Amino acid sequence: MAAPYACNPDESRGRLYPEEESAFRSPFQRDRDRIIHAGAFRRLKHKTQVFVEHEGDHFRTRLTHSIEVAQVARTIARALGLNEDLTEAVALAHDLGHTPFGHTGEDALDALMAPHGGFDHNAQALKIVTSLERSYAGFDGLNLTWETLEGIAKHNGPVTGALPFALADYNARHDLELHTHASGEAQVAAVSDDIAYNNHDLADGLRAGLFTDAEAADLPIVGAAYAEVDRLFPGLDPKRRRAEALRRVFGVMVSDVIDESRARLAEAAPADVAALRGAGRPMVRFSHGLFTQLKEIRAFLFSRMYRAPSVVEMRKRVTCVVEELFPLYMARPDLLPEEWQSDVAQAGDETARARLVADYIAGMTDRFALQQHKDHVAR
């Protein structure tokens, strides 16, 4: 049963371009389906999460990460009485704006774009679904509902101060009320992102041999999980032992968010989604105690995984790829595909051209960026 503060698809604020709604799918289901069928979503399968795409078939990519986030998000949304379809749509779309090579690629592109307004992957996700996807006859983008766009723009909280240009440009045409907190559904997508990467980064770091099970077992939450597995299944083989322990870590985080969020919602008692947005604080969160423990896990991962020598070395290599592709396309926009050339012709100044080049590079997969660099730079 839907809670009073859940987003009701029948009361959606609608789409920028009015459309006849589906006879058998709600507006939020339709949003989810459009996101899944978008080219930008498919390209996530070859974009870095932590390890560059070619480093191993078993590591998470942005696509598998997004699917895991959506799975967690639906579970939490259901437990809290929120709309699962909207939650899933925001979860699946939240990383659409990521560049090749993950945050490393984003940092490089942001530095290159500093004279032209910078680069932000959340704002880029909004640009993709409102402009860059071009598969529909009547409009650019996916023409998603206001609620899904709001969730993509501010699932991490209110957006204040100087806005990324891509976000400012769209918000001027379609006010997403960036000063408020997002819906409960978008808040669930955000915390589900944290749950997913906390868990799978441990798994991928262990698989990569960057730290051992014994070292992971010294961490809060993780150690208790290993201990429980050892008690219930003594002598279990190492692969199953690790998987069972990390499943329990996952469960602890999900249960904590549900319990904490239920308590916050019960205390605030928002009468509707507007009251939830205007509560002045997030309603969907980890408890303070677990959040403190997760900070210790993140600090461990930062030092042992994200700053591991092999990861740092790969970061240097892929940073050079982005840094060298950008000036190449600025000087040679004719190298962009034919379907981009009408936009090239309309780019009236250097900033417009730079933003076009940034859109093109940001849309690349890891392997396509590496191939383009090999073909045009590293000769």
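No experiment lies behind these values; they were computed from the predicted model shown.
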Participant: Does R25 CZ have over 12 foreign heavy atoms under 6.0 Å away?
Facilitator: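 Counting neighbours around CZ of R25, more than 12 heavy atoms of other residues, nucleotides or ligands fall under 6.0 Å, so yes.
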
Participant: Over 60° means perpendicular and under 30° means parallel, so classify the ring planes of Y136 and F139, tilted if in between.
Facilitator: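 Because their plane-to-plane angle is under 30°, the rings of F139 and Y136 count as parallel.
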
Participant: For V284, is there any backbone N or O sitting under 3.5 Å from a side-chain donor or acceptor partner on R264?
Facilitator: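 Absent.
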
Participant: Would you mind reporting whether M305 and D204 have side-chain heavy atoms less than 4.5 Å apart?
Facilitator: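 Yes, side chains in contact.
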
Participant: Can you give me the closest heavy-atom contact between A91 and A70, atom names plus distance?
Facilitator: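 Closest heavy-atom pair between A91 and A70: CB-CA, 3.7 Å.
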
Participant: Got E260 and F286 here, is their nearest side-chain heavy-atom distance under 4.5 Å?
Facilitator: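 They are not in side-chain contact.
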
Participant: Looking at residues at least two apart in the chain, or sitting in another chain, which of them share a side chain to side chain donor-acceptor pair (under 3.5 Å) with R355?
Facilitator: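 Once residues adjacent in sequence are excluded, R355 has no partner under the side chain to side chain donor-acceptor pair (under 3.5 Å) criterion.
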
Participant: Would V321 and R317 count as a side chain to side chain contact (heavy atoms under 4.5 Å, CB included) if you check the C-alpha gap in whole Å, the side-chain angles of each, and the deciding distance to 0.1 Å?
Facilitator: CA-CA 7 Å; V321 169; R317 289 177 55 195; 5.9 Å; no

Participant: Test your reading of the model: is there a side-chain donor-acceptor pair from R353 to the backbone of M330, 3.5 Å cut-off?
Facilitator: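 Confirmed, R353 side chain pairs with M330 backbone.
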
Participant: Does V229 sit in a hydrophobic cluster with other residues, and if so which ones, taking ILVMFWY side chains as linked at heavy-atom separations under 4.5 Å, directly or through other members?
Facilitator: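 Under the 4.5 Å side-chain rule, V229 groups with L232, F233, L236.
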
Participant: Name all residues meeting the side-chain contact (heavy atoms from CB on, under 4.5 Å) criterion together with P9; count only those two or more places apart in sequence or in a different chain, and write none if there are none.
Facilitator: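 P9: side-chain contact (heavy atoms from CB on, under 4.5 Å) contacts with S26, P27, F28, N83.
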
Participant: Side-chain atoms of residues 34-41: list all donor-acceptor pairs with protein atoms under 3.5 Å, sequence neighbours left out, distances to 0.1 Å.
Facilitator:
residue, atom, partner, partner atom, Å
R34, NH1, E19, OE2, 3.0
R34, NH1, L142, O, 2.8
R34, NH2, E19, OE1, 2.8
R34, NH2, E19, OE2, 3.4

Participant: Within the side chain of R15, is there an N or O that forms a donor-acceptor pair under 3.5 Å with the backbone of N143?
Facilitator: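 Such a contact is found between R15 side chain and N143 backbone.
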
Participant: Any luck finding a side-chain donor-acceptor pair between S12 and E147 under 3.5 Å?
Facilitator: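 Indeed, the side chains of S12 and E147 share at least one donor-acceptor pair under 3.5 Å.
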
Participant: Counting only N and O atoms by type, is there a donor-acceptor contact under 3.5 Å from the side chain of W146 to the main-chain atoms of H174?
Facilitator: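 Checked: no pair found.
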
Participant: Treating E106 as the side-chain partner and H121 as the backbone partner, does any N or O pair qualify as donor plus acceptor under 3.5 Å?
Facilitator: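 At least one qualifying donor-acceptor pair exists.
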
Participant: Is there a donor in the side chain of D375 and an acceptor in the side chain of Q371, or the other way round, less than 3.5 Å apart?
Facilitator: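 Yes, side-chain donor-acceptor contact under 3.5 Å.
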
Participant: Under 3.5 Å, is there a donor-acceptor pair between the T145 and D31 side chains?
Facilitator: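 Note: T145 and D31 side chains meet the donor-acceptor criterion.
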
Participant: Only counting residues at least two apart or in another chain, list the ones meeting ring pair (Phe, Tyr, Trp, His ring centres under 6.0 Å) with H155.
Facilitator: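 Here no residue qualifies.
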
Participant: Considering non-hydrogen atoms only, spot the tightest contact between M283 and A268 and give its length.
Facilitator: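 Scanning both residues completely, I find the closest heavy atoms to be SD-CB, 3.8 Å.
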
Participant: What verdict does the side chain to side chain contact (heavy atoms under 4.5 Å, CB included) test give for E185 and V90, after you've listed the backbone C-alpha separation in whole Å, the side-chain angles of each residue and the deciding distance to 0.1 Å?
Facilitator: CA-CA 8 Å; E185 287 83 358; V90 176; 5.8 Å; no

Participant: Are the side chains of L44 and T61 in touch, meaning some heavy atoms are under 4.5 Å apart?
Facilitator: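 No, their side chains stay 4.5 Å or more apart.
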
Participant: To the nearest 0.5 angstrom, please state how far the CG atom of L16 sits from the CG atom of D140.
Facilitator: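 So the gap between those two atoms works out to 11.0 Å.
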
Participant: Check for a donor-acceptor pair, side chain of K154 on one end and backbone N or O of E177 on the other, with a separation under 3.5 Å.
Facilitator: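 A pair under 3.5 Å: yes.
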
Participant: So H98 and H103, would you call those rings parallel, tilted or perpendicular, with 30° and 60° as cut-offs?
Facilitator: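 Ring orientation of H98 relative to H103: perpendicular.
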
Participant: For A153, does its backbone N or O pair with a side-chain atom of N122 as donor and acceptor, under 3.5 Å?
Facilitator: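 Side chain of N122 to backbone of A153, a donor-acceptor pair under 3.5 Å: no, none is there.
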
Participant: What pairs with F300 under side-chain contact (heavy atoms from CB on, under 4.5 Å), at least two apart in sequence or on another chain?
Facilitator: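 Expected list: F211, E215, L219, R304.
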
Participant: Below 4.5 Å, heavy atoms only, C-beta onward: do Q293 and L290 meet side chain to side chain?
Facilitator: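 Yes, at least one pair of side-chain atoms sits under 4.5 Å.
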
Participant: With ILVMFWY side chains joined below 4.5 Å, transitively, what does F24's cluster contain besides itself?
Facilitator: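 Listed partners: none, F24 stands alone.
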
Participant: Specify the closest pair of heavy atoms between M113 and A354, including all atoms of both residues, with the distance to one decimal.
Facilitator: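 Result for this residue pair: SD-O, 3.5 Å.
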
Participant: Go through it in stages, so that I can follow the logic: the residues are F165 and D120, the test is side chain to side chain contact (heavy atoms under 4.5 Å, CB included), and I'd like the CA-CA distance, side-chain angles, deciding distance and then a yes or no.
Facilitator: CA-CA 9 Å; F165 73 86; D120 175 83; over 6 Å; no

Participant: Hey, could you give me each pair passing ring-ring contact (aromatic ring centres under 6.0 Å, His included) that has a residue in residues 331-372? Not counting sequence neighbours.
Facilitator: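 Non-adjacent pairs meeting ring-ring contact (aromatic ring centres under 6.0 Å, His included): Y329-Y360, W340-Y360.
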
Participant: Got R307 and F302 here, is their nearest side-chain heavy-atom distance under 4.5 Å?
Facilitator: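 Yes, their side chains come closer than 4.5 Å.
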
Participant: Quick one: side chain to side chain donor-acceptor pair (under 3.5 Å) partners of E244, sequence neighbours excluded?
Facilitator: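 Partners of E244 by the side chain to side chain donor-acceptor pair (under 3.5 Å) criterion, ordered by chain and then number, come out as R247, R248.
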
Participant: Considering only heavy atoms from C-beta outward, does the side chain of L336 approach that of V344 to under 4.5 Å?
Facilitator: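 Yes, at least one pair of side-chain atoms sits under 4.5 Å.
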
Participant: Do the side-chain N and O atoms of H46 and T365 include a donor-acceptor pair separated by under 3.5 angstrom?
Facilitator: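 On atom types as modelled, these side chains do not qualify, holding no pair under 3.5 Å.
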
Participant: Rounded to the nearest 0.5 Å, what separation is found between the CG atom of N198 and the NZ atom of K295?
Facilitator: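 If I round to the nearest 0.5 Å, the distance is 13.0 Å.
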
Participant: Is Q187 reaching over with its side chain to a backbone N or O of A182, donor-acceptor style, under 3.5 angstrom?
Facilitator: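 Side chain of Q187 to backbone of A182, a donor-acceptor pair under 3.5 Å: yes, one is there.
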
Participant: Got a sec, which residues hit ring pair (Phe, Tyr, Trp, His ring centres under 6.0 Å) with H181, two or more places apart in sequence or on another chain?
Facilitator: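 By the ring pair (Phe, Tyr, Trp, His ring centres under 6.0 Å) rule, H181 matches no residue at all.
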
Participant: Do the side chain of T99 and the main chain of A362 share a donor and acceptor less than 3.5 angstrom apart?
Facilitator: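 A pair under 3.5 Å: no.
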
Participant: Could you check whether R240 pairs with D237 (Lys NZ or Arg NE/NH1/NH2 to Asp/Glu carboxylate O, under 4.0 Å)?
Facilitator: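 Yes, charged N to carboxylate O under 4.0 Å.
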
Participant: Indicate yes or no: does D201 engage R298 in a salt bridge with an N to O separation below 4.0 Å.
Facilitator: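 Yes.
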
Participant: Enumerate the salt bridge (Lys or Arg N to Asp or Glu O under 4.0 Å) contacts for residues 266-290, please, sequence neighbours excluded, ordered by first and then second residue.
Facilitator: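 Every salt bridge (Lys or Arg N to Asp or Glu O under 4.0 Å) pair that includes a residue of residues 266-290, provided the two are not neighbours, is E150-R277, E267-R281.
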
Participant: Quick test of your reading of the model: are D366 and K47 salt-bridged, counting only N-O distances below 4.0 Å?
Facilitator: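 No, this pair does not count.
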
Participant: So does E84 pair up with R32, basic N to acidic O under 4.0 Å?
Facilitator: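 Salt bridge flag = no for R32 with E84.
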
Participant: Are V69 and L92 joined in one hydrophobic group, where the rule is that I, L, V, M, F, W and Y side chains link up if heavy atoms are under 4.5 Å apart?
Facilitator: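 Each belongs to a different hydrophobic cluster.
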
Participant: Could you measure the distance from the CG atom of L126 to the OG atom of S131? Nearest 0.5 Å is fine.
Facilitator: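 Output value for this atom pair is 10.0 Å.
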
Participant: Nearest 0.5 Å, what's the CG-OG distance between D193 and S66?
Facilitator: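 So the gap between those two atoms works out to 8.0 Å.
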
Participant: Passes side chain to side chain contact (heavy atoms under 4.5 Å, CB included), K127 versus D169? Steps please.
Facilitator: CA-CA 9 Å; K127 189 173 185 179; D169 178 66; over 6 Å; no

Participant: How does the hydrophobic cluster around V273 look, that is, which other residues are in it when side-chain heavy atoms under 4.5 Å mark a link?
Facilitator: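 None; V273 is a cluster of one.
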
Participant: State whether the side chain of N199 and the backbone N or O of I195 hold a donor-acceptor pair below 3.5 Å, judged by distance alone.
Facilitator: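 Looks like no, no N/O pair under 3.5 Å.
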
Participant: Hey, quick one: are V249 and I76 part of the same hydrophobic cluster, counting side-chain heavy atoms closer than 4.5 Å, chains of contacts allowed?
Facilitator: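 Yes; tracing contacts between hydrophobic side chains, which count when under 4.5 Å, links both residues.
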
